[in-house]
Q: 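The structure is given below, and queries will be raised subsequently.
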2 protein chains.
Amino acid sequence: MNEAKRRKLEAKGWRVGDAQDFLGLSDQEAAFIEVKLKLAQSLRAKRQKRGIGQIPFAKIIHSSQSRVAKMEAADSSVSVDLLVRSHLALGTSGAELGRIIARPFVKAR
Amino acid sequence: MNEAKRRKLEAKGWRVGDAQDFLGLSDQEAAFIEVKLKLAQSLRAKRQKRGIGQIPFAKIIHSSQSRVAKMEAADSSVSVDLLVRSHLALGTSGAELGRIIARPFVKAR
DNA sequence: GAAGTATATGTCCGTTTCGACATATTGTCA
DNA sequence: TGACAATATGTCGAAACGGACATATACTTC
């Protein structure tokens, strides 16, 4: 993982292992974060498609505006569990969920 | 969700909402549990394919035998996060992870 | 059926994640 | 620019999840 990417992730609250840590861990962590980013991005896309703000969205998933913002930002305090649950609460099917995760990650514009 | 299915899940430690709860919740919960079950099943399949026991497997993912058993049983104390992380630790790609989640759920034999 | 190995279940307690609230920042439009 | 809505960030106490350990049950092989 290059320096620029590491810094960007750390800025979001991620603590990415140093090079001297167990080799290979960085790759797994990166893969894990990518899963989160895909779910986060698609969640925001779905919300925007519905034309609603974060507050109504929070009501739907029984959460709060601030947590929605964190979800969409793939904050380090947000679990995959919560992202998946939120997707399901929006009616995303298991098949679609899988496609979201399987699809190649594209950096947000 | 029928009574038999509910009981079976509760036996595993799940607390499935009663009918009087917010309608639709049961379906979402069921979908969520199915995601877990798919990840749990495939995790066990991968381990068995490698021909190793739960203890060596636990070492690989930096966990313990008991937690591996719980993961494979999709125990309620196991998060999707942990299941995904474990898959990634085994080298499962994002694409494959997606396929696992997308594929229709089949009850274990 | 005893011994040995593999898996399952129950519990403990430190850590992570949660919703919620307060507040800051950003975006929009008059 | 000022005012208002939307989103982002920081923090807190409570709840959920983690690895680890002890122990129980299941599966083999003798």
Q: Counting distance alone, no hydrogens or angles: does the base of C/dT17 have a donor or acceptor under 3.5 Å from a partner atom on the side chain of A/Lys36?
A: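 Not at all, since no donor on one side and acceptor on the other fall under 3.5 Å apart.
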Q: Heavy atoms from C-beta onward define the side chain here; which of C/dC21, C/dT9, D/dG19 lies closest to that of A/Ser66?
A: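 Taking heavy atoms from C-beta onward, the closest nucleotide is C/dC21.
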Q: Whole-Å distance between D/dG19 C1' and B/Leu83 CG?
A: 15 Å
Q: Does either side chain, that of B/Lys46 or that of B/Thr92, offer a donor lying less than 3.5 Å from an acceptor on the other one?
A: yes
Q: Between B/Ile55 and B/Ile61, is there shared hydrophobic-cluster membership here, with clusters defined by ILVMFWY side-chain heavy atoms closer than 4.5 Å?
A: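 Not linked; separate clusters.
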Q: Would you mind reading off the distance between B/Ile60 atom CD1 and D/dG19 atom C1', rounded to a whole angstrom?
A: 17 Å
Q: To the side chain of A/Arg67, which of C/dG19, D/dT7, D/dG10 is closest?
A: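 The listed nucleotide nearest to A/Arg67's side chain is C/dG19.
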Q: Does A/Gln65 contact D/dA8 through a side-chain donor or acceptor facing the base, at a distance under 3.5 Å?
A: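 Answer yes: a donor N or O sits under 3.5 Å from an acceptor.
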Q: In this structure, how many angstroms lie between the C1' atom of D/dA5 and the CD1 atom of A/Ile52, rounded?
A: 15 Å
Q: Output the single nucleotide from D/dT9, D/dG18, C/dT7 whose closest atom is nearest the side chain of A/Lys70.
A: D/dT9
Q: Over how many whole Å does the gap from A/Asp75 atom CG to D/dT9 atom P extend?
A: 8 Å
Q: Whether B/Arg44 contacts C/dA8 is assessed here as follows: a side-chain N or O lying under 4.0 Å from the phosphate OP1 or OP2. Is that the case?
A: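 For C/dA8, OP1/OP2 do have a side-chain N/O of B/Arg44 under 4.0 Å.
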Q: Using a cut-off of 4.0 Å on non-hydrogen atoms, how would the nucleic acid contact of A/Ser63 be classed: base, sugar-phosphate, or nothing?
A: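 A/Ser63: backbone/sugar contact only, no base atoms under 4.0 Å.
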Q: If you compare all heavy atoms of B/Ala74 against all heavy atoms of B/Ala40, which two are closest, and at what distance to 0.1 Å?
A: CB-CB, 3.9 Å
Q: Taking the nucleotide of DNA chain C with the closest heavy atom to each, which residue, A/Asp81 or B/Gly53, is nearer the 5' end?
A: B/Gly53
Q: Side-chain N or O of B/Gln54 less than 4.0 angstrom from OP1 or OP2 on C/dA8?
A: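 So the side-chain polar atoms of B/Gln54 do come within 4.0 Å of the phosphate oxygens OP1 or OP2 of C/dA8, strictly under.
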Q: Are B/Ser79 and D/dG18 close enough that a side-chain N or O sits under 4.0 Å from OP1 or OP2?
A: yes
Q: Is a donor from one side chain sitting under 3.5 angstrom from an acceptor on the other, for B/Gln54 and B/Glu72?
A: yes
Q: Round to a whole Å and report the spacing from NE2 of B/His62 to P of D/dG19.
A: 11 Å
Q: Got A/Arg85 and B/Val35 here, is their nearest side-chain heavy-atom distance under 4.5 Å?
A: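 Counting from C-beta outward, A/Arg85 and B/Val35 never come under 4.5 Å.
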Q: Just to confirm, is there a sub-4.0 Å distance from OP1 or OP2 of D/dA16 to any side-chain nitrogen or oxygen of A/Arg85?
A: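 Answer is no, no contact under 4.0 Å.
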